[in-house]
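I have placed the structure first, in the form of C-alpha cells, so that the comments after it can refer back to it.
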Amino acid sequence: MSENLSRRAFGRTVGAAALSSSSFTAATASATPQAAANPPNPRENFYRFPDGFLWGCATASYQIEGGAKEGGRGPSIWDTFSHTPGKVHNNETGDVADDDYHRYKEDIQLLKSLGAKIYRFSVSWPRIFPQGTGWPNPQGIDFYSRVVDELLANGIEPFCTLFHWDLPQALQDRFGGWQSRETSQAFGEYAGYVASQLSDRVHHFFTMNEFSSFIDLGYRDGKFAPGLRLAPAELNQARHNAVLAHGLAVQAIRAKGKPGTKVGLAENLNIPIPVIEAEPHIKASAQATRVLNAQYLTVIMEGKYVDEYLRQEGANAPKYTAEDLKIISSPLDFVGMNVYTPTYVRADESPKGFAVVPPPSSYPHMASPWLDIGPEALYWAPRHVGEIWGVKEMYITENGCSSADVLTPDGHVYDTDRVMFLRNYLMSLHRAVAENFPVRGYFLWSLMDNFEWADGYGLRFGLYYVDYATQKRTPKLSAHYYRSVIEKNAVL
Ligand code: GBH
C-alpha cells in the first residue's frame, strides 16, 4: 500500500516519464518474486548475465544539454555548423536540445527508474575552456560536478567522455582544429584539468568518442562540423593529430587524476564479421579488424601504423615521430566500443587475405539508412578486441537504434522494432560474455531522443520519447523492455 502510494507520488513528480506509474509495471512486478524464488528456471537462466554486470545509458553534451549560451559556455564547432543554413536537417540546432542543462535532475530520475547502474555523459569542452585554452570557466566544471553528485546520490556511477565532437570554435579558428597539433596539446590540458576536478568521484574517463565520425565526416566528407573536405594527406594528418590528442589525454589524466582513475576511449571500430563462422573466414575477419581500423584503434593498441595502411596511403601517409607513436599507444585500462553496424568479410587470395562483402540492396536497416542490422557485431567486437589485443576490460559504450516512433493519443510509443533490435544484439553480447570476453558493462544509446547531428531532431534514438515543444519525456515500449532486462539481468 505505502509502496503503491510512493509509486504514485513518484509518478506525479516526473509526470508520464516515470516507468513505475505505467501499466507495464504490473506484469513485471508479479513475475519478479517468483523468479527470485526459483533461480534455476532454465528459461530465465539461459540468457542471464553474470552478477554485477553493469547496465546503463549514454548521452552526449551537445545532443542533450541546450543552454548553449549559458554558464559562460563558449561556442563549439557544432554551434557554428548547425547555424550554417543547409548543414543540418531543417536547419535545426542544439541551442535548446533536451534542455538537460536545466533538467538534469529529472533526467537522472529517468535513468533511475530504468534501474540503470551506470551513465555515460560527455563534458562540453567549451563550457570548461570557452576559448579552448587558458583559464577554466568555474561555472562549467560546476555544472558537471553537480551532475556527478546527483548521479551518485541516486546510486548511479558516472562515466565521463571528454570529447564527443563539440570542439571549441576558438580552436578551429586559431589552429584549424584537428589539423594542428596545437589542438592535440590543448586537449591534453583540458583532459587533465577535468580529471583533476572530477576524479575524486568519477573513476572512468573516455578520451574520445568515435574518431572516424568527427574526423572522416568532419574533415573529409563535410557532413559533420567543421564541414571540411580535405585532401588525403591533410586528412591523414588530422587523423594522426586526433590519436595523438587521445594519447596526450591518457597521460594527462594519469598525471592529474586521483590514483586508480581508469582511462579508455569510446571507439566505433569497424567490426568485421566472418560471412560464415568457420576458418578461414574467421582468420580473415581478424586480419580485417587490424587493417580496417589502422588509422585509429590499431595504432592506439599497437603503437604502429600497419604496413597495409602506410603502403596504401604512400606519399599521403601522416608525418610523425617515434615519440608520437609512444604517446598514442599509452596503455589503457579498458576499451569502450560503440557497436551499431556489421562489416561482412570473407577470406580471399589477395595479399591482404580478406575481402569486404558489400551488403545487397535488400539488406535490412533501421530508420537511419546507415544503420544496417547486424546483431552479431555485438559478439565479434569484444571477441576481436579481446583476441587480437588481449584487452582485459571492455565496455559497450553505445548500442541502440533509430525508429520511426509514433506517440499514440493515450501516451504510448510501441517501438517494437527497437525492442527487436535490442533483444537480438543483446543475445549476441550475451554470447561474448558467456565465452568470457571481459565486457563489464553496456551503455544503451540513448537515454532519450536528442539532437542527432546532421539529422537534427528528425531521427529518434531514445528509450524516452521527447516532445521538443514541451520537453515532456515519455517512456517507450523499449524503456519498459530495457528495465526488465536490467531487473532480471537477462535477455528475454
Ligand atoms: C554514434 O555514431 C554517435 O556517437 C552518437 O553521438 C550518435 O547519436 C549515435 O551514434 C547515433 O547515430 O550520414 O551516412 O554519412 C554512430 C556512428 C557515424 C553513424 C556517422 C552515422 C553517418 C552516416 N555514426 N554516420 S552518413
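Read the numbers this way: they start at 1 and go in the same order the structure lists the ligands and their atoms. Reckoned from all heavy atoms, side chains included, excluding hydrogens, waters and symmetry mates.
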Among all protein heavy atoms in this structure, tell me which lies nearest to [atom], with the distance rounded to 0.1 Å.
atom                    : answer
atom 20 (C) of ligand 1 : Leu217 CD1, 3.2 Å
atom 1 (C) of ligand 1  : Glu398 OE1, 3.1 Å
atom 26 (S) of ligand 1 : Lys223 NZ, 3.7 Å
atom 2 (O) of ligand 1  : Glu210 OE1, 2.9 Å
atom 18 (C) of ligand 1 : Ser213 OG, 3.2 Å

Sorted by first residue and then second, give each side-chain hydrogen bond (donor to acceptor under 3.5 Å, both in side chains) pair with at least one member in residues 180-191; sequence neighbours left out.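 Listed once each, the pairs are Arg181-Asp324.
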Distance-minimising heavy-atom pair for Gln251 and Ser330: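 Minimum heavy-atom separation between Gln251 and Ser330: NE2-OG, 3.2 Å.
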Need the ligand 1 atom indices (1-based, order shown) with element for anything under 4.0 Å from a heavy-atom of [X].
X      : answer
Asn209 : 4 (O)
Glu452 : 7 (C), 8 (O), 11 (C), 12 (O)
His164 : 3 (C), 4 (O), 5 (C), 6 (O)

Closest by any non-hydrogen atom to atom 9 (C) of ligand 1: pick that one out of Trp370, Phe461, Tyr340.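 That would be Tyr340.
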Taking the six-membered ring for Trp, are Phe49 and Tyr442 closer than 6.0 Å centroid to centroid?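 Aromatic pair excluded; centres sit 6.0 Å or further apart.
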What about Phe443 and Trp445, are their ring centers closer than 6.0 Å?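 Aromatic pair excluded; centres sit 6.0 Å or further apart.
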Looking at ligand 1, does any of its N/O atoms fall within less than 3.5 Å of an N/O of Asn268?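 No, there is no polar N/O contact under 3.5 Å.
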Which of parallel (below 30°), tilted (30 to 60°) and perpendicular (above 60°) describes Tyr144 and Phe121?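 Answer is parallel, since the angle falls under 30°.
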Report yes or no: is the cationic atom of Arg290 (NZ for Lys, CZ for Arg) under 6.0 Å from the centre of the six-membered ring of Tyr309, at an angle within 45° of the ring normal?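 No cation-pi geometry.
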Cation-pi between Arg460 and Tyr465: NZ/CZ under 6.0 Å from ring centre and within 45° of the ring axis?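 Geometry flag: set, cation within 6.0 Å and 45°.
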